Amino acid sequence: MSDDATPVAEAESGPFRNQLFPIGVDCYPLDEEKRSFSDWYDRDLAGEFAAMHEARISLARIYVSWKLFEPQVGQYNDEAEDRLGDIIAAARAKDVRLIVAFFADDRFADMNEVPWGKKRDARTDEYLIQREIALVQRIVNRYRTETMIWAWELGNEAFCSGFASEDTLQAWATRLRDAIREVDTARAIILGVDPETLVRETGVDAGPAIGVFEYGVSHVTAGYRAYAAEGPVTHGPATYLDSFLLRSALRGLPVLADGVGVHSLDVAAAEEAAYVRMALYSSLMNGAAGVMLRRWRDMAAEKREPYFRDPFEVLVGMNDPKGRPKPVLSEVQKFARVAARLDLRRYTRAPERAAVMVPAERYEPLPSLAGLYDPRSCLQGYIAAKEAHVPVGLVREGDDLSAHMALFIPSAAKLRSETWGAIAQFVQSGGSVVLSYGGGDADPAVREIFGIEFLGDHGVRRIVSCRVAQPGLLGDLTPFDVRLDLPHYALLGNSGATVVATDATGSPLLTLNQFGQGRAVFLAAPLERAIAQSDPWAAPDQVRSLLRTVYGSVAGAAGAGPVIDCDDPSAEVALFLGETDDVVMVLNHSAEAITPTLTAERVVAAVADVRGGKAAEVGAKAFGVPLPPNGAIALRLAYA
Amino acid sequence: MAARSKAVQAAEALARAGQVGAAVAACYDALALDHRDAHTHALLAHLMLEGDFYDEAISAATLAIEIDPDCSPAYLALGLAYDRRGGMWDQSVLVWHELAEVVPDLVTAHVQLGEAFAAAAFEEEAVRSWKRALELDPKEARATYNLAISSLKREGMALALPLFRQAGELDPSQDELFFALLGVKEGLGKPIDPARVKPNRTARIGAAGLALRDEDLFAAAELVRLALDEQPDDGEALALAAYAYLKQEATNEAMACALRALTLDPELTTALYTLGVVYAKRTGLNRHAARVFIALAKRASSHALVHVLLAESLMGLQRYEQASKTYRLAVRLDPACVRARFGLAASYLTSGRHAEAQWEIRRAAYYDTKRQGLFWRLYDAYAGGGEPS
């Protein structure tokens, strides 16, 4: 039944690709480090596009080299323009659509280093911006009716990380966007940066600039992975990072999950394939508008002392330096076959009414440590919700909460006063909130909403203890004492809340308060931060279990729980609702084989692989789904 | 070298007290007064490293080195940040090389340099670095583990196993396990005169345990002898005797005493421990060792090292999958257990999970270097203007 275990014969008449979920790949100008900027796409792209087509890849991103196209001010290189024309023709021949990226940097091809620029900053210098506009309009004008061009893209992380402020980024992006719009009013325009990874790298929030474009992108950069989830890529937090950033980038725009792939050549081919499989399924399950894989072919790097690998993330592709396919390419093909059978006009993702709130303090610079702690805590909160199978998204502090029924606020040190008002209103009108103490003084609103008296911070603890005072009130909690460094522990007095669990000395650990129509749960310790700051790959099971039990219980009681239940925390489940039947996708986030039991709300008559094949009769609400390590499956559910 | 300002000293005090947030704020206060103070940047690098914020640590340490190229604590922080961040082995090699030259007797620099070389696929250079570390400190467990891993990659498990055993024997926490099972947290720290111990069994056994803890084997032996003279079938006394023999490498006697103790009390964890260790030391008795450690793991399941011992015997039996599971359990119980991390890495290598093996080795280095507290040693020497002691 699983993706790898049982081959499924493909129906001849099935769709070849999913038009509403394009799968693409970055096609870089240079594949060998020893090449120079003038070798821009000087290779057989027709062959590459043919191979992409065969792998069901429908999109390729190509990069315009400003340095090559405009060698002298106002003088354009005809040969480069012809080569671009050839690329587009080759793509057309193989039905591969293109994203044409301007002013992106791959750190090899010197694409933006115009020799006449005299070291002026292409991001802020008025004259250079004028030249950029001229180049963009020239190319867009030439291809504005070209159907193979899917979107125009401006910048990428490597380029945009040079902006020193939101204002300069927004000004540059808006001017270039407007310049394209003057010429081409139809095609989508993308600003190629992930707001979360950019703010981490530079402190610049690209959110407002992205808001005026048609698509957003999410992108797990090497730097962000090292910060948030450095560790094995086939289990643990790293397997959730793609969808976490995707959720973070979903700000009212469709989002492409960009740069999918591993960052380092020291990951084995099988591990790379397993990771990419998880990232692809995870993107589809979490609402991406498409995916872009990191690179078509490995960069052939120069061997040099003392070390011949290069840390730049653009190195690792789906084919080896000689063009031989790696296992990851067959994973992409398999995934494309599955995605093609999910008609996103017929099936919509089950509604998400729970969210992890990213505190505004996340944007504070040093010496505040909140900007460093909070994203990690939020990732752990997100993972806990996923492990509880709660359909969960991310909201930023200050966002409208009215679409949600449950809110998780992981280990925040402080929230704005207006946020406390919004939380009070949210809970009063029937929402449920879980807030874990993040250190410092508690806001006076805590007493009102959570029914507790804050008596101070007990400080660092080495052991987390849990004694259940009210069994069953917040799920099936079990007592434990485990070693885990806690940076803070709130000492609480009662002011109306029910103490659900305490530490070993009887000090409340977990309280529940009915406030208005809703429920407010307070965790006296920043468990999400403690997991993130200790060792997320070896965090004590008991603590993780406590967290997901509380999250799951609160979301379930608030009406924001799983639409289809699952008994294995390492399985991620996404349900796509149809009119007569549903599609469920299950993804194994562990490197071990598992057989989770799914429990639907109705009796399932039969399940069938979405790719076709014979349906298996079920006749019950619950059924098991065997999954290989890091495996995934998409099943069509027919109800009785 | 200019004296440190009061602002820097305030930041130092907070950093030493582990108050990361306050110390970072104090560092920024100090930088507002003098933004080119290498001490402050080095401190900030250390604090960022404590929070696992590697990019910030790299940035602060680089600044410190720019300001003062002799700032050895900054080199340490920079090298550790590169290693813990991953993917920056080329820079890491250069930093550790530099630090090994600035502080030639700094064993950790050679161990880290070896690991950076290994990650960069320079196996021979890596082995040379670890051997250099062992020349400086023959009891450096991580260098020995790394050599074992290297041997496993090149020559297979059969030749690597003795090195793993050798590394395990360097692990002082194994003795800690015995005393944890015995219920003795600390020794007296002064000699015990057996003649002055109360002439009853409880007092003699308790005092013998304390004497063993203080490595006073003569006093312990005398007290055990007195207890056994009174009651020859005393399992606990026999288990202590077994351990005392084990510490003197008298494995036959240790085995005999432990077996006798277990005949009297099959659930006696101290005797199980000693018997298992004796079996594990002798070639060809891995199956026996595994059985004994399984029994011990049932009775003392909360001790990470018990699972490590079991996993090591399973590795000897070539039951790598089971060993891997057992090592993982040990790591969950104690993420800082270097021995479990290296064992897990070895078990991953047997199934071709190279990236995960590399990660475990990096985590072992992470916890080992955190435990060593080297930063303050180098910082104090740097602040004092002298060589680290």
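Note that the structure is a prediction, hence the values are computed from the model and not measured. Below, read A as the first sequence line, B as the second, and so on, with proteins coming before strands; counting in each chain starts at 1.
- Looking only at heavy-atom pairs under 4.5 Å with chain A, the residue among B:G18, B:G51, B:G86, B:A336 that has the most is B:G51.
- Only the side chain of A:E592 comes within contact range of chain B, with at least one heavy atom under 4.5 Å from a heavy atom of that chain.
- Ring pair A:W537/A:H235 is perpendicular by interplanar angle, where above 60° counts as perpendicular and below 30° as parallel.
- Looking at A:E271, the atoms closer than 4.5 Å to chain B (heavy atoms on both sides) all sit in the side chain, from C-beta outward.
- Checked by atom type and distance alone, the side chain of A:D457 pairs as donor or acceptor with a backbone atom of A:Y489 at under 3.5 Å.
- Each of B:R341, B:R332, B:R362 was evaluated against A:D535; a single residue qualifies, B:R341, per the salt bridge (charged side-chain N to carboxylate O under 4.0 Å, His left out) test.
- Remark: B:R363 qualifies as a cation-pi partner of B:Y366 under the 6.0 Å distance and 45° angle criteria applied to the six-membered ring.
- A:R200 forms no cation-pi arrangement with A:Y224, by the criterion of a distance under 6.0 Å to the ring centre and an angle within 45° of the ring axis.
- Heavy-atom distances place the side chain of B:Y54, and not its backbone, under 4.5 Å from chain A.
- The six-membered or imidazole ring of B:Y327 lies away from that of B:Y348, with a centre-to-centre distance of 6.0 Å or more.
- Only the backbone of B:L333 comes within contact range of chain A, with heavy atoms under 4.5 Å apart.
- The candidate with the highest count of non-hydrogen atom pairs below 4.5 Å against chain A, out of B:D55, B:V24, B:V331, is B:V24.
- Only the backbone of B:R84 comes within less than 4.5 Å of a heavy atom in chain A; its side chain stays farther off.
- The residue among B:R328, B:H354, B:E360 with the most heavy atom pairs within less than 4.5 Å of chain A is B:R328.
- For A:R376, the part lying near chain B is the side chain, with the backbone staying farther off; criterion is any non-hydrogen pair under 4.5 Å.
- Using modelled atom types, one side-chain atom of A:H263 and one backbone atom of A:A222 make a donor-acceptor pair closer than 3.5 Å.
- Heavy atoms closer than 4.5 Å to chain B are found in the side chain of A:L369, but not in its backbone.
- Other residues, nucleotides and ligands place no more than 12 heavy atoms under 6.0 Å from the NZ atom of B:K325.
- For chain B, no part of A:S368 is nearby; none of its heavy atoms comes within less than 4.5 Å.
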